[in-house]
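Notes follow once the structure below has been shown.
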Amino acid sequence: MSEVLDLCVELVRRRAVDDAMGFMRAYLAQNGFVTEIINCKAADGKSLPALYATAGSGGRHLLFNGHLDVVPSGDADLWQYPPFAAEIHDGFLYGRGVADMKGGAAAFAAAAAEMLRGGLQEGRLSLLFSTDEEEPLVDTTEKALAFLTARGEKFDFALVGEPSNPQQLGEEIKIGRRGDVVLRLICNGKQGHTAYPHLADNPVHHLTALLTAVLSDRLDEGNAYFDPSTVQVTTFDVGNTASNVIPAQARAQLDIRFNNEQTSQKIIERMKRHMKASAGRFELESEVVGESFLSPVTAEVDLLKQIVTEICGREPVYSTSGGTSDARFVRRYCPVVEFGLTNSTIHQVNERESLAHIEGLEKIYRRFISAFLMSGR
């Protein structure tokens, strides 16, 4: 097999994120990178590592960002092939994390290693791997970038290797992401007997009325790069097991994915206005997962688009679809786009990726690295 496929297989077989990180660090060090582990701490005291590797000096500085953690595999008996065996069948590599995103990590690492073996004439090339993208406990990408910037690191452009294509390599380049805010509503009423509703205050009625108003209040119509913002009710909880008791409290949770016409604060204030107009007594808790952003379509983005078109034989469209990613942190430090493998099987049983896609992505990365660093001359 090719070097990139061998590397991908080895990463998929390493179930523990620390094992995968150790293997990647050794591979990059063997190929000329200076590597380090950055210990990232959260405010609550939790600590997780990030891997940073860099090579070269002077000229333009290109950063690749990715993650080495994966979601749980679930019931292994439901898989056609063992989720961490990295088996190859009919031109596909099967395994948890192969598309999201150990395949992308392997592709860029292999491309970068080949560049160094050929002699990096000028410019600087760095890779930053997080360990908690799937379940953000510390936000290692955010903490590591803050640490690197504080010591003087500067990046000219960043490429995040998240799986960006729906079905085939070369369909989409992500130039932004929707924001995400989670709202938790608590409606306090007065418990009572259902036969004497005038002596009680039913919070379920107030909460359903509020949710009806919120769902009827369209946030926006979207724009050229973003779909309309959406509101999804994800939980509705009363905890009442009696049929003849009006409960004292009702709760609901909403997940709002919003475009760049909104901010989390605007959405929270909008909810507060709905609450004020309601007859119920409400409490509101909010969790901002990330703000929406749109990266400028610079010459570097157009360069990537040209290379993808030449190698894949299709012209990718600029997209902002999907959930959040660590690009929301990277964009604070330099322009960033996302381009990686396909996302049609990620987080699913029998996650898989085409061998041709993995090798094609490595070729795209290699071409882009070379063209990007040479454009600084």
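Being a predicted model, the structure only gives us computed values, none of them experimental.
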With a 4.0 Å cut-off, would you call Arg14 and Asp19 a salt bridge?
yes

Going through the distances and angles, do His206 and Asp201 end up as a side-chain contact (heavy atoms from CB on, under 4.5 Å)?
CA-CA 9 Å; His206 297 312; Asp201 183 22; 2.7 Å; yes

Taking CZ in Phe236 as the centre, count heavy atoms belonging to other residues, nucleotides or ligands within less than 6.0 Å. Is the count above 12?
yes

Apply the hydrophobic cluster definition, ILVMFWY joined by side-chain contacts under 4.5 Å directly or through others, and give me every member besides Val336.
Ile38, Tyr52, Leu63, Leu128, Leu145, Phe147, Leu148, Phe155, Val160, Phe293, Val330, Tyr333

Using a strict 4.0 Å threshold on nitrogen-to-oxygen distance, state whether Arg60 and Glu122 make a salt bridge.
no

Give a yes or no on whether a salt bridge exists between Glu87 and Arg352, defined as a side-chain N under 4.0 angstrom from a carboxylate O.
no

N/O donor-acceptor pair under 3.5 Å between Thr342 side chain and Gln168 backbone
no

Okay, side chain of Ser73, backbone of Ala76: is any donor-acceptor separation there less than 3.5 Å?
no

Flag side-chain contact, heavy atom, 4.5 Å: Ile358 against Leu341
yes

Lys/Arg N to Asp/Glu carboxylate O, Arg177 vs Glu162, below 4.0 Å
no

For Asp255, salt bridge (charged side-chain N to carboxylate O under 4.0 Å, His left out) partners two or more places apart
Arg257

Under 4.0 Å between a side-chain nitrogen and a carboxylate oxygen: does that hold for Lys305 and Glu315?
yes

Do Arg314 and Glu171 sit within salt-bridge range, that is, some charged N less than 4.0 Å from a carboxylate O?
no

Who else is in the cluster with Tyr81 when I, L, V, M, F, W and Y are joined by side-chain contacts under 4.5 Å?
Phe92, Tyr94

Side chains of Glu114 and Glu362: closer than 4.5 Å at any heavy-atom pair?
yes

Please round to the nearest 0.5 Å and tell me the distance separating atom NZ of Lys46 and atom SG of Cys40.
14.5 Å

Does a sphere of radius 6.0 Å around NZ in Lys154 hold more than 12 heavy atoms from other residues, nucleotides or ligands, not counting ones at 6.0 Å or beyond?
no

Quick one: does any side-chain atom of Ser370 pair with a main-chain N or O of Arg366 as donor and acceptor, under 3.5 Å?
no

Got a donor-acceptor contact below 3.5 angstrom from the Asn165 side chain to the Gly340 backbone?
yes

Kindly determine whether Glu338 and Arg331 satisfy salt bridge (Lys or Arg N to Asp or Glu O under 4.0 Å), including the steps that lead there.
CA-CA 11 Å; Glu338 298 176 62; Arg331 60 107 174 182; over 6 Å; no

Check for me whether the distance between the ring centres of Phe64 and Tyr365 falls short of 6.0 Å.
yes

Are more than 12 heavy atoms from other residues, nucleotides or ligands located less than 6.0 Å from atom CG of Asp227?
no

Are any side-chain N or O atoms of Asp132 and backbone N or O atoms of Asp139, one a donor and one an acceptor, separated by less than 3.5 Å?
yes

Answer yes when Lys363 and Glu359 have at least one side-chain N-carboxylate O distance shorter than 4.0 Å, and no when they do not.
no

Check ring pair (Phe, Tyr, Trp, His ring centres under 6.0 Å) between Phe329 and all other residues, then give those that pass, not counting sequence neighbours.
none

NZ/NE/NH1/NH2 to OD/OE distance under 4.0 Å, Glu10 and Lys102:
no

Atom CG of Asp90 with >12 non-hydrogen neighbours under 6.0 angstrom:
no

Could you pull out all residues at least two apart from Phe84 that satisfy ring pair (Phe, Tyr, Trp, His ring centres under 6.0 Å)?
none

Answer yes or no: is there a donor N or O on one side and an acceptor on the other, between the side chain of Glu351 and the main chain of Asp100, under 3.5 Å?
yes

Test side-chain contact (heavy atoms from CB on, under 4.5 Å), reference Ile256, set Leu219, Val214, Thr230, output is Leu219

Salt bridge check, Glu36 against Arg151: does any charged N sit closer than 4.0 Å to a carboxylate O?
yes

Heavy atoms, side chains only, cut-off 4.5 Å: are Arg367 and Glu310 in contact?
yes

Hey, does the side chain of Ser229 reach the backbone of Asn259 with a donor-acceptor pair shorter than 3.5 angstrom?
yes

Short side-chain to backbone donor-acceptor contact, Thr345 and Gln348, under 3.5 Å:
no

Check whether the side chains of Thr298 and Glu300 place a donor and an acceptor atom closer than 3.5 Å, and report yes or no.
yes

Should side-chain heavy atoms under 4.5 Å link Ile, Leu, Val, Met, Phe, Trp and Tyr, which residues sit in the same cluster as Val182?
Val289

Give a yes or no answer on whether the side chain of Asp69 reaches the backbone of Glu134 with a donor-acceptor pair at less than 3.5 Å.
yes

Candidates Thr131, Val70, Leu48 - the one meeting side-chain contact (heavy atoms from CB on, under 4.5 Å) with Val17:
Thr131

Donor-acceptor pair, side chain of Arg281 and main chain of Asn188, under 3.5 angstrom:
yes

Is the closest side-chain donor-acceptor distance between Ser319 and Glu172 under 3.5 Å?
yes

Examine Lys174 relative to Tyr318 and say whether NZ or CZ is less than 6.0 Å from the centre of the six-membered ring and inside a 45° cone about the ring axis.
no

Partner of Ser264 by side chain to side chain donor-acceptor pair (under 3.5 Å), out of Glu269, Glu287, Glu291
Glu291

Does Val9 reach the side chain of Leu93, with side-chain heavy atoms less than 4.5 Å apart?
yes

With a 4.0 Å cut-off on N to O distance, would you call Arg332 and Glu142 a salt bridge?
yes

